[in-house]
Amino acid sequence: MSDSTGISTPMLHGVPMSNFRPAMPNFVDAVGPYFIGCILDMFCQAIIFVLFLRYLAAHCKDDGKWMRGVVVFLFLLTVLKSMQLFYLAWTVLVQNFGSLREATLFGETNWTARSTPLVVSILCIYVQGFFVYRLWGISKSIILPVIILTLSIVSMIGSILVLVYKTNSPKQRSWVYVHLTTLCASDLILTSSLMFYLWRSKKEVSIYAVGAVEALLRTIFLTALPGTLCALVSVILCSQTSSDVHQTIAVHQAIPKLFVISMLWTLNARGQIRDSVALNNEGNKTWSDASQIVFRTEGKEPV
């Protein structure tokens, strides 16, 4: 086939090759997830910063050295996580501005971007370990903690294998899905188990301490709900966006920060619960009863 100038045009299956154009990367798919993820991360990190300062002011001196170390190290991990995301956002939105191809291929060539699921798993398993320890103290059973930790370890293994396979390959998408589903399942089991055993523990405390247990139940439910919903949304997005796993980055980035917020909020809520319990005539005794059931302490501030 020849055009108006008499020059022949190559054909492919009867269609002129000039009709074929290389697929240009979609601007929203390439840049949007990093931009939205950065906004969500800054919002969550601001909340974490406030909660951390409140912990230092109100509870740091009452907790043991190990608990203080756990909280401080967790805060440092969240700062490093934000630095990682800011680096990704800077590279995609500023350094590669105007080059959609470079922004799209960034996740395939840069190890910092590819390691995002692993960083998420490390933060999540850190926070889940804290709550699993509380669950073990309340339930006096090792079965549920082992199941939850096993799921968390499988999630981390999946995040490691994400680094092994080529970006957007079928095997990588499969392991991303395994990583997200096991993370979501472990969080659902952990939250529901904590609430069940706390609700059941109301029968083991004095009538005055029931209010403290109910307040802790509300706190755990309200603080764990955002992280659980975020994990569910990530699983849904991963199952729907089979062509590009990076489209789940925006929601994926918020999961560990929401987990951290849940932990810090629960720790800081101890003071409010203790003060509300102390309004009755047996304030100290009531807090002692409640803390022994919920935190397995001996009348001291829960650590």
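Numbering starts at 1 and runs along the sequence shown.
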Pairwise side-chain hydrogen bond (donor to acceptor under 3.5 Å, both in side chains) hits with a residue in residues 36-46, at least two apart: Asp41-Ser82, Asp41-Lys257, Gln45-Thr78, Gln45-Ser82, Gln45-Lys257

Student check: side-chain heavy atoms of Leu264 and Val71 closer than 4.5 Å: yes

Side-chain heavy atoms of Arg200 within contact of Ile138, under 4.5 Å: no

Distance, nearest 0.5 Å, that separates CG of Asn268 from OG1 of Thr223: 11.0 Å

Contact check, side chains of Ile39 and Phe43, non-hydrogen atoms, under 4.5 Å: no

Cluster check Phe86, Val79: I/L/V/M/F/W/Y, side chain < 4.5 angstrom: no

Non-hydrogen atoms of Pro145 and Trp136 that approach each other most closely: CG-CB, 4.0 Å

Closest non-hydrogen atom pair between Ala58 and Lys61, with its separation: O-NZ, 3.8 Å

Gly37 to Leu85 - nearest heavy-atom pair and separation: O-CD2, 3.2 Å

Mutual orientation of the aromatic rings belonging to Phe52 and Phe75 [parallel < 30°, tilted 30-60°, perpendicular > 60°]: parallel

Intermediate values then yes/no, side-chain contact (heavy atoms from CB on, under 4.5 Å), Leu123 and Lys81: CA-CA 9 Å; Leu123 270 172; Lys81 178 68 182 69; 3.9 Å; yes

Cluster link Met42 to Tyr87, ILVMFWY, side chain under 4.5 Å: no

Given Ser121, Ser234, Ser159, the one that forms side-chain hydrogen bond (donor to acceptor under 3.5 Å, both in side chains) with His179: Ser121

Cluster companions of Val119 among Ile, Leu, Val, Met, Phe, Trp, Tyr (side-chain spacing under 4.5 Å): none

Close side-chain approach of Ser155 to Ile125, heavy-atom, < 4.5 Å: no

Greater than 12 external heavy atoms within 6.0 Å of Phe221's CZ: no

Rounded distance (nearest 0.5 Å) linking atom CH2 of Trp265 with atom CD1 of Ile47: 7.0 Å

Nearest atoms (heavy-atom pairs only) where Cys44 meets Ile261: O-CD1, 3.9 Å

Heavy-atom closest contact (Leu144 atom, Ser141 atom, distance): N-OG, 4.4 Å

Residues in ring-ring contact (aromatic ring centres under 6.0 Å, His included) contact with Tyr177, at least two apart in sequence or another chain: none

Evaluation steps, side-chain contact (heavy atoms from CB on, under 4.5 Å), between Ile36 and Gln253: CA-CA 9 Å; Ile36 298 175; Gln253 298 287 350; over 6 Å; no

Any donor-acceptor pair under 3.5 Å from Ser186 side chain to Leu183 backbone: yes

Path from Trp66 to Val260 over hydrophobic side-chain contacts below 4.5 Å: no

Stepwise side-chain contact (heavy atoms from CB on, under 4.5 Å) check, Leu118 with Val162: CA-CA 8 Å; Leu118 178 59; Val162 168; over 6 Å; no

Gap separating the CG atom of Leu56 from the CG atom of Leu51, nearest 0.5 angstrom: 11.0 Å

ILVMFWY cluster, Val50 and Met263 together (side-chain gap under 4.5 Å): no

Between CG on residue Leu198 and CZ on residue Arg134, distance to nearest 0.5 Å: 11.5 Å

Interatomic spacing from OG in Ser152 to CD1 in Ile122 - rounded to 0.5 Å: 13.0 Å

Leu135 side chain near Tyr197 side chain, heavy-atom distance below 4.5 Å: yes

Heavy-atom side-chain contact between Leu76 and Leu80 under 4.5 Å: no

Steps toward side-chain contact (heavy atoms from CB on, under 4.5 Å) verdict (Phe131, Thr266): CA-CA 10 Å; Phe131 284 109; Thr266 303; 4.1 Å; yes

Closest contact, heavy atoms only, Cys230 versus Leu258: CB-CD1, 3.7 Å

N/O donor-acceptor pair under 3.5 Å between Tyr126 side chain and Val70 backbone: yes

Pairwise distance CD1(Ile220) to OG1(Thr191) - rounded to 0.5 angstrom: 8.5 Å

Check: Leu74 and Phe130 side chains under 4.5 Å, non-hydrogen atoms: no

